[in-house]
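Below: one structure, written as structure tokens.
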Amino acid sequence: MKTIFQHIKGDKTIWAIVAILAIFSFMPVYSASTNLVYVVGFGSTFGHLIKHIVLLFFGFLIIYGVHKIPYRYFSGGSVIMLPVVIILLIFTLAQGTTIGGANASRWIRIGGIGFQPSTLASLVLMAYVARYLAKNKEKEINFKESMWQLWLPVSMVLLLILPANFSTAAIIFMMILVVAFLGGYPLKYLGFILGSGIVALSIFILIAKAFPDAMPNRVQTWENRISGFFPSKEEGSQKKGTQYNIKRTENYQVEKAKIAIATGGVLGLGPGKSIQKNFLYASESDFIFAIIVEEYGLVGGFLIVSIYFILLFRIFVVVKKTTTIFGTLLVLGLGIPIIAQATINMAVATNLFPVTGQTLPLISSGGTSIWMTCVALGIILSVSASKQETEEDILDDNPLDILHETID
């Protein structure tokens, strides 16, 4: 055992947090998966638990493998991976998968395994943006030049994610703006970029409404989620007097989540004793926080929030100890989105935020989300473990040299 720990580098608290969240997730996923088994009719509860454990096991291997890679490789690696990500996103959109009549082509299958390219795109973009900002930290940024070198690749990726996954595209865009601000990108230019993003989204919505067959129901889905979060009095009175099936609506999910949280009280009903898991769609993923509070009470919910808060604190500790600008921005660009995703997931379950489909990192069931979170944490641990990297070593790396070294 001692030999194993000798090979584990980086921030030990982050390692402990990952282990705690992973182990804690076993019971909620096992409990909440009864919805998939008895309502959807898919698999068995034990089978879902084993799948989750296997995914987490490989996730730990990913963290271990990635944290052994000197983080300077992620600078040039982002340049190499950017075209790959764009190709994957184009392929994903082209396959035209629909779920429940709506265009939700977020997934591709590689060797029988489902994969969501948008999560990989997020990691690559963050590293790419960190690289650009670090390279230009000591220079006066030329706006026209930055449009070609920075914002054109970013906008291409975001526009490819947007049609099927608005929430992910919006989160990535906001995180990039935050990292750009922290990296010293001029505020007046950021205002222009933000305004351009809003205009681009408006144009996209108009095109989607004008050609509804191109992207079936996507804009309508966004509108329903927002109107469901801010229901009018007229809509409320209409619902009371109308008999219709609301099981497929986000309002139904949120109502069941609120019932689960209210039922949990202070100490909860006990492990595996959730009632709402039998009615709450995506109880093992998007709404797992509601099941946690129902079974473990406000005490359990507070502990989960506290763990993510400690993770955020340790991310800033790593940032403080990092000796390079690229490392600092890389940790912020990969760490803050993990906390933001957790916050959004819990806010949705408590009806503080519209439904987005974001999972609870390292707790919710789901392969791509777990593995990409593990890649991000592995990179953060790589930065925290490094004490010899210099800005010159990182930014002078030729991406083709990195590719050659990797192949060799």
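None of these values were measured; they are calculated from a predicted model.
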Q: Quick one: closest heavy-atom pair of Asn165 and Ser118, and the distance?
A: ND2-OG, 4.0 Å
Q) Is it true that the side chains of Glu295 and Ser31 contain a donor and an acceptor less than 3.5 Å apart? A) yes
Q.
Under a plain distance cut-off of 3.5 Å, with no hydrogens placed, do Ser382 and Lys68 share a side-chain donor-acceptor pair?
A. no
(Q) Distance alone, cut at 3.5 Å: any donor-acceptor contact between the side chains of Thr324 and Tyr71? (A) yes
(Q) Can you tell me how far apart CD1 (Ile363) and CZ (Phe24) are? Round to the nearest 0.5 Å. (A) 6.0 Å
Q: Verify, without hydrogens or angle tests, whether His48 (side chain) and Thr45 (backbone) share a donor-acceptor contact under 3.5 angstrom.
A: no
Q: Please name the residue in the list Tyr185, Phe173, Tyr189 that meets the ring-ring contact (aromatic ring centres under 6.0 Å, His included) test with Trp151.
A: Tyr185
Q. So, does Trp15 use its side chain to make a donor-acceptor pair with the main chain of Lys9 at under 3.5 Å?
A. yes
Q) So how far is it from Phe313 CZ to Ile315 CD1, rounded to the nearest 0.5 Å? A) 11.5 Å
Q.
Taking side-chain hydrogen bond (donor to acceptor under 3.5 Å, both in side chains) as the cut-off, I'd like each qualifying pair that reaches into residues 331-346, sequence neighbours left out, listed once.
A. Gln341-Thr359
Q) side-chain contact (heavy atoms from CB on, under 4.5 Å) with Ala257: which residues, sequence neighbours excluded? A) Leu280, Phe287, Ala290
Q. What pair of heavy atoms forms the shortest contact from Ile141 to Pro186, and how long is it?
A. CD1-CD, 3.9 Å
Q.
With a sphere of 6.0 Å drawn around CZ of Phe143, does it hold more than 12 non-hydrogen atoms of other residues, nucleotides or ligands?
A. yes
Q: Decide side chain to side chain contact (heavy atoms under 4.5 Å, CB included) for Leu93 and Leu89; before the verdict, give the C-alpha distance in whole Å, the side-chain angles of both, and the deciding distance to 0.1 Å.
A: CA-CA 6 Å; Leu93 276 180; Leu89 289 171; over 6 Å; no
Q. Of the non-hydrogen atoms in Val375 and Ile62, which two are nearest, and what is the gap between them?
A. CG2-CG2, 3.5 Å
**Q.** Under 3.5 Å side-chain donor-acceptor pair for His52 and Ser25
**A.** yes
Q: Indicate the atoms forming the closest heavy-atom contact of Pro337 with Leu332, along with that distance.
A: CD-O, 3.7 Å
Q: Kindly state each residue pair satisfying side-chain hydrogen bond (donor to acceptor under 3.5 Å, both in side chains) with at least one member in residues 297-316, sequence neighbours excluded.
A: Asp11-Arg314
Q.
Tell me whether Lys277 contacts the main-chain N or O of Gly272 through its side chain, where contact means a donor paired with an acceptor under 3.5 Å.
A. yes
**Q.** Inter-residue atom distance Ile304.CD1 - Ile307.CD1, 0.5 Å rounding
**A.** 4.5 Å
(Q) Quick one about Ser78 and Arg131 (side-chain donor to acceptor, distance below 3.5 Å, no hydrogens or angles considered), yes or no? (A) no
Q. Can you tell me how far the CE atom of Met81 sits from the CG atom of Leu123, to the nearest 0.5 Å?
A. 9.5 Å
Q.
Under a 3.5 Å cutoff, is there a donor and acceptor pairing between the side chains of Glu294 and Ser274?
A. yes
Q.
Please find the pair of heavy atoms, one from Phe60 and one from Ala19, that lie closest to each other, and give the distance.
A. CZ-CA, 3.7 Å
Q: Of all the heavy-atom pairs spanning Ala130 and Leu329, show the shortest one and how long it is.
A: CB-CB, 3.8 Å
(Q) Between Ser167 and Gln358, do the side chains contain a donor N or O and an acceptor N or O under 3.5 Å apart? (A) yes
Q | Main-chain N/O of Leu152 paired with Ser155 side-chain donor or acceptor, under 3.5 Å | A | yes
**Q.** Exceeds 12 heavy-atom contacts within 6.0 angstrom, atom CZ of Phe57
**A.** no
